Number of protein chains: 2
Amino acid sequence: MILKSQVEWALHCCAILAGLPEGRYLSTKALAEFHGLPKEYLSKALQSLSQAKLVESTLGPSGGYRLARPTAEITFLDVVEAVEGKERTFACSNIRANNPCRPEGYCEAGPCAVARVMWDADEAWRAKLRSVSLAALVQTLEQEIPTTLWQSSFQWVLKRAG
Amino acid sequence: MILKSQVEWALHCCAILAGLPEGRYLSTKALAEFHGLPKEYLSKALQSLSQAKLVESTLGPSGGYRLARPTAEITFLDVVEAVEGKERTFACSNIRANNPCRPEGYCEAGPCAVARVMWDADEAWRAKLRSVSLAALVQTLEQEIPTTLWQSSFQWVLKRAG
DNA sequence: TAGAATACGGATAATAAATATCCTTATTGC
DNA sequence: GCAATAAGGATATTTATTATCCGTATTCTA
Ligand code: SF4
Ligand code: SF4
């Protein structure tokens with residue numbers, strides 16, 4: 001089990017969009033070039049973000065994406081779920097129903113203990129992702145990335161932002 | 001991203017093995033029949049458990065598997081990692097290295113903030129799985145499953161255990 | 001007003017992973 | 001010696017991921 005690479009892409013794109021000045025848009029093309037990613041396929045990830053209402057888009061030249069909400073109000077979980085979906089990572093196929101000793105017509109009340117533990121763990125994962133916002137991410141990145149690289153990156157980006 | 005179904009299978013099989021009397025073995029065939037699963041493929045999951053030293057096996061008629069450790073010393077995480085592997089669920093492809101503004105020969109010190117958050121969440125998931133033992137699972141199941149079904153199930157199993 | 005750049009969605013192809021089956025070998029109990 | 005078993009290799013089959021291509025509607029710009 002491994003998350004799709006689109007998750008990493010989407011998170012990095014959101015980090016860039018989070019640093020964009022108010023009202024500016026950044027195109028798929030620019031985001032793809034900046035990260036060295038296939039434009040057409042990255043576009044699908046961005047469309048997922050758009051459908052999840054995390055970003056807004058506009059058409060035409062100088063079109064592209066911008067965040068739809070303040071960075072403090074978008075979490076890692078929002079992005080991950082936009083790309084991966086909201087389904088739990090443990091799917092129960094109800095194999096206990098195949099128990100040969102199971103009485104005719106007997107129907108289990110709810111999810112069994114196995115599923116509940118797996119779902120609790122899934123929720124712990126999500127809770128952690130929910131606890132980190134894009135604002136927090138940008139703050140950390142700003143501290144860690146060398147100032148010159150940070151600035152030249154945003155110069156590069158701004159030159160292409162509509 | 002979804003866990004393979006072998007995880008569910010392995011957990012249920014461990015739950016059965018956990019209820020087996022000291023020194024008895026249960027075969028793949030019996031476990032597959034009990035859960036209504038494809039024997040050959042379930043066998044692969046059990047082999048994973050065996051390689052992870054969670055279960056011991058013996059050959060010949062009346063052969064099969066038994067737990068290699070006390071139920072209190074086997075956790076959900078042990079079983080999940082035996083089947084799914086120990087790799088983290090977020091794989092970093094280091095796309096920041098593609099940044100066009102990145103200086104020649106510049107090399108990032110360590111994993112970036114994005115990866116660290118994802119890995120923290122992964123660890124939260126594992127911590128939760130680590131916190132539940134097979135002993136705890138069996139205790140819960142024993143409380144929840146109707147006594148008659150519980151007993152007839154283990155009668156069924158014991159008749160086939162070597 | 002024409003043209004270029006864009007997001008969006010549908011279709012489809014390529015690749016990788018999960019699921020499943022088959023077969024051979026070595027070991028064990030009877 | 002025979003039957004049942006775990007183990008592991010080989011190989012299909014099916015599904016998910018990754019990727020590309022194209023048509024349409026929209027928006028900006030010149
Ligand atoms: S995980 Fe629980 S609910 Fe799902 S099949 Fe197994 S016993 Fe049933
Ligand atoms: S997640 Fe972090 S370490 Fe991984 S590619 Fe992105 S920036 Fe680099």
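Keep in mind it's a predicted model, so treat the numbers as computed, not measured. Protein chains get the first letters and strands the later ones, always in sequence-line order, with residue 1 at the start of each.
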**Request:** Working to the nearest 0.5 Å, report the span between CD of B:Gln6 and CG of B:Leu49.
**Result:** 9.0 Å
**Asked** Could you give the distance from CG (A:Asn99) to CD1 (B:Ile145), rounded to the nearest 0.5 Å?
**Response** 8.0 Å
**Request:** Calculate the interatomic distance between A:Glu56 atom CD and C:dC8 atom P; express it in whole Å.
**Result:** 11 Å
**Message:** Rounded to whole Å, please give me the gap between CZ in B:Arg160 and C1' in D:dA4.
**Reply:** 15 Å
**Message:** I want to check one thing: is the phosphate of D:dA12, taken as OP1 and OP2, less than 4.0 Å away from some side-chain N or O of B:Tyr41?
**Reply:** no
**Request:** Check each residue of residues 23-38 of chain B for a non-hydrogen atom within less than 4.0 Å of any atom in DNA chain D, then write out the ones that pass by number, or none.
**Result:** B:Ser27, B:Thr28, B:Lys29
**Message:** Within the 3.5 Å criterion, strictly below it, is a donor on A:Glu73 or A:Ser133 matched to an acceptor on the partner's side chain?
**Reply:** no
**Prompt:** OP1 or OP2 of D:dA7 sitting under 4.0 Å from any side-chain N/O of B:Ser50?
**Reply:** yes
**Message:** When you compare the side chain of A:Leu54 with that of A:Cys14, does any pair of heavy atoms fall below 4.5 Å?
**Reply:** no
**Message:** Would you say B:Gln51 places a side-chain N or O within less than 4.0 Å of OP1 or OP2 belonging to D:dG8?
**Reply:** yes
**Request:** Report, as yes or no, whether the 6.0 Å neighbourhood of atom CD on A:Glu56 holds more than 12 heavy atoms from other residues, nucleotides or ligands.
**Result:** yes
**Prompt:** Between C:dG9 and A:Gln47, is there an OP1 or OP2 to side-chain N/O distance shorter than 4.0 Å?
**Reply:** yes
**Fill in**
In this structure, CH2 of B:Trp125 is separated from CG of A:Leu129 (nearest 0.5 Å) by 12.5 Å
**Fill in**
Between A:Ile2 and A:Lys44, whichever has its closest DNA chain C nucleotide further toward 5' is A:Lys44
**Asked** Should the ring pair A:Trp9 and A:Tyr41 be called parallel, tilted or perpendicular, given that the plane angle runs from 0 to 90° and is split at 30 and 60?
**Response** perpendicular
**Prompt:** Under 4.0 Å between a side-chain N or O of A:Ser43 and OP1 or OP2 of C:dC8?
**Reply:** no
**Request:** Whole angstrom is fine here: how far is it from CD in A:Gln6 over to P in D:dT20?
**Result:** 12 Å
**Whole angstrom value for the distance that separates C1' of D:dT20 from CG of A:Leu42** = 14 Å
**Message:** Can you measure A:Lys39 atom NZ to C:dA7 atom C1' for me and round it to whole angstrom units?
**Reply:** 10 Å
**Message:** Distance check needed: D:dT17 C1' versus B:Lys4 NZ, whole Å only.
**Reply:** 16 Å
**Asked** According to the interplanar angle, ranging from 0 to 90°, do the rings of B:Phe34 and B:Trp156 count as parallel (below 30°), tilted (30 to 60°) or perpendicular (above 60°)?
**Response** tilted
**Heavy-atom pair with the smallest gap, counting every atom of B:Leu3 and A:Met118** = CD1-CE, 3.5 Å
**Fill in**
Given protein heavy atoms under 4.0 Å, the one-letter contact record of nucleotides 22-30 of chain D, with B base, S sugar-phosphate only and - none, is simply B---BBB--
